[in-house]
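In what follows, every chain begins at residue 1, and chains take the letters A, B, ... in the order their sequences are listed. Quantities reported herein were computed from a predicted structural model and do not represent experimental measurements.
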There are 2 protein chains.
Amino acid sequence: MTAPALPDVCAALGDATRWEILTRLGEGPMSASALARVLPVSRQAIGKHLEVLREVGLVESEQRGREVVHVAVGARLGALAHELDRMGRSWETRLSGIKELAERPRPDVKG
Amino acid sequence: MTAPALPDVCAALGDATRWEILTRLGEGPMSASALARVLPVSRQAIGKHLEVLREVGLVESEQRGREVVHVAVGARLGALAHELDRMGRSWETRLSGIKELAERPRPDVKG
DNA sequence: CCTCAATGCAACTCGATGGTTGCACTTTTC
DNA sequence: GAAAAGTGCAACCATCGAGTTGCATTGAGG
């Protein structure tokens with residue numbers, strides 16, 4: 001599918017190393033080896049992370065001669081942001097957060 | 001801190017069960033036991049997830065008599081969405097994604 | 001042709017974490 | 001006051017995933 005499940009995208013973003021990778025790839029295209037030289041993990045580890053990121057569409061890759069160059073996809077992140085914003089707003093349509101708790105006089109779900 | 005690191009919030013969102021919990025809590029306040037009755041995991045498991053969600057500010061809780069009621073915090077999700085959107089846009093200020101790769105005539109980083 | 005750099009794939013380690021059960025404690029309710 | 005419901009805490013288990021090392025392969029260049 002072109003639109004991965006939201007939790008999957010979030011999971012991909014939920015790792016410090018991947019976050020680092022994305023930050024670098026956000027500044028400009030890089031190869032796995034280049035990333036491995038900069039980050040404190042092996043080239044193979046970088047490769048696995050890149051695969052995860054590619055699966056959820058946060059990274060695109062292109063073979064360029066003997067190396068593969070990767071780049072961060074802003075559009076995908078934007079799409080995620082949009083979805084999360086929508087969801088967040090829908091939550092807010094209720095009384096704002098904890099206030100609603102004080103409103104409810106009693107659970108009265110004793111049935 | 002009042003503003004957890006982005007990767008942490010994303011990690012919290014990167015679990016299917018927690019996503020389920022958040023969805024329910026987005027519709028209205030619920031207790032851990034109530035959630036456990038609806039979801040296919042134990043009350044203790046729910047409790048752990050709620051703690052994770054509370055740590056990153058996605059959920060607020062309030063003791064109400066013998067039970068504790070939890071509710072999703074839209075503002076926190078909105079804040080995350082805003083950050084992600086900003087980051088995504090910054091990526092886009094470069095040539096859009098893979099196009100930049102084609103632009104670059106050669107790595108010429110042979111030094 | 002030979003060497004070096006960049007990859008891909010596979011096997012393995014090991015710590016984090018989702019999930020479970022069991023138990024003790026408090027509040028509501030009959 | 002006793003039973004029931006809702007929690008919190010702790011011990012335990014199993015799986016997942018991040019990271020490593022090793023090896024084979026392929027493209028670039030002298």
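As a whole-Å value, the separation of I21(A) CD1 from dA18(D) C1' is 11 Å. Separating the CD1 atom of I46(A) from the P atom of dT21(D) is a distance of 14 Å, rounded to the nearest angstrom. Between the CZ atom of R18(A) and the C1' atom of dG19(D) there is a distance of 12 Å, given to the nearest Å. Regarding R64(A), its CZ atom lies at a distance of 14 Å from the C1' atom of dA28(D), rounded to whole Å. To the nearest angstrom, P of dA5(C) lies 10 Å from CZ of R37(A). Nucleotide dG8(C) holds its C1' atom 16 Å from the CZ atom of R66(A), rounded to whole Å. Following rounding to the nearest Å, D15(B) (CG) and dG17(D) (C1') show an atom-to-atom distance of 14 Å. Atom CG in L39(B) sits about 15 Å away from atom P in dG18(C), given to the nearest Å.
Within 4.0 Å (heavy atoms only), S31(B) reaches sugar-phosphate atoms of the nucleic acid but no base atom. Residue S33(B) is classed as a sugar-phosphate contact, given heavy-atom separations below 4.0 Å to backbone atoms only.
Mapped onto DNA chain D by nearest heavy atom, V41(A) and G65(A) fall at different nucleotides, with V41(A) at the one closer to the 5' end. Heavy-atom nearest nucleotides on DNA chain C were determined for H49(B) and for R43(B), and the one closer to the 5' end corresponds to H49(B). Checking K48(A) against V68(A), the closest nucleotide of DNA chain C that is more toward the 5' end is the one next to V68(A).
Here the side chain of Q44(B) is nearest to one of dC23(C), dT21(D), dA6(C), namely dC23(C).
Taking 3.5 Å as the limit, the base of dG8(C) and the side chain of E51(A) contain no donor-acceptor pair of atoms between them. For Q63(A) and dG27(D), a side-chain-to-base donor-acceptor distance below 3.5 Å is absent, hydrogens and geometry of angles not being considered.
OP1 or OP2 of dG19(D) has at least one side-chain nitrogen or oxygen of T17(A) nearer than 4.0 Å. For S42(A) and dT20(D), the shortest distance from a side-chain N or O to OP1 or OP2 is below 4.0 Å.
Distance check, rounded to the nearest 0.5 Å: CG of D8(A) to CG of L80(A) gives 11.0 Å.
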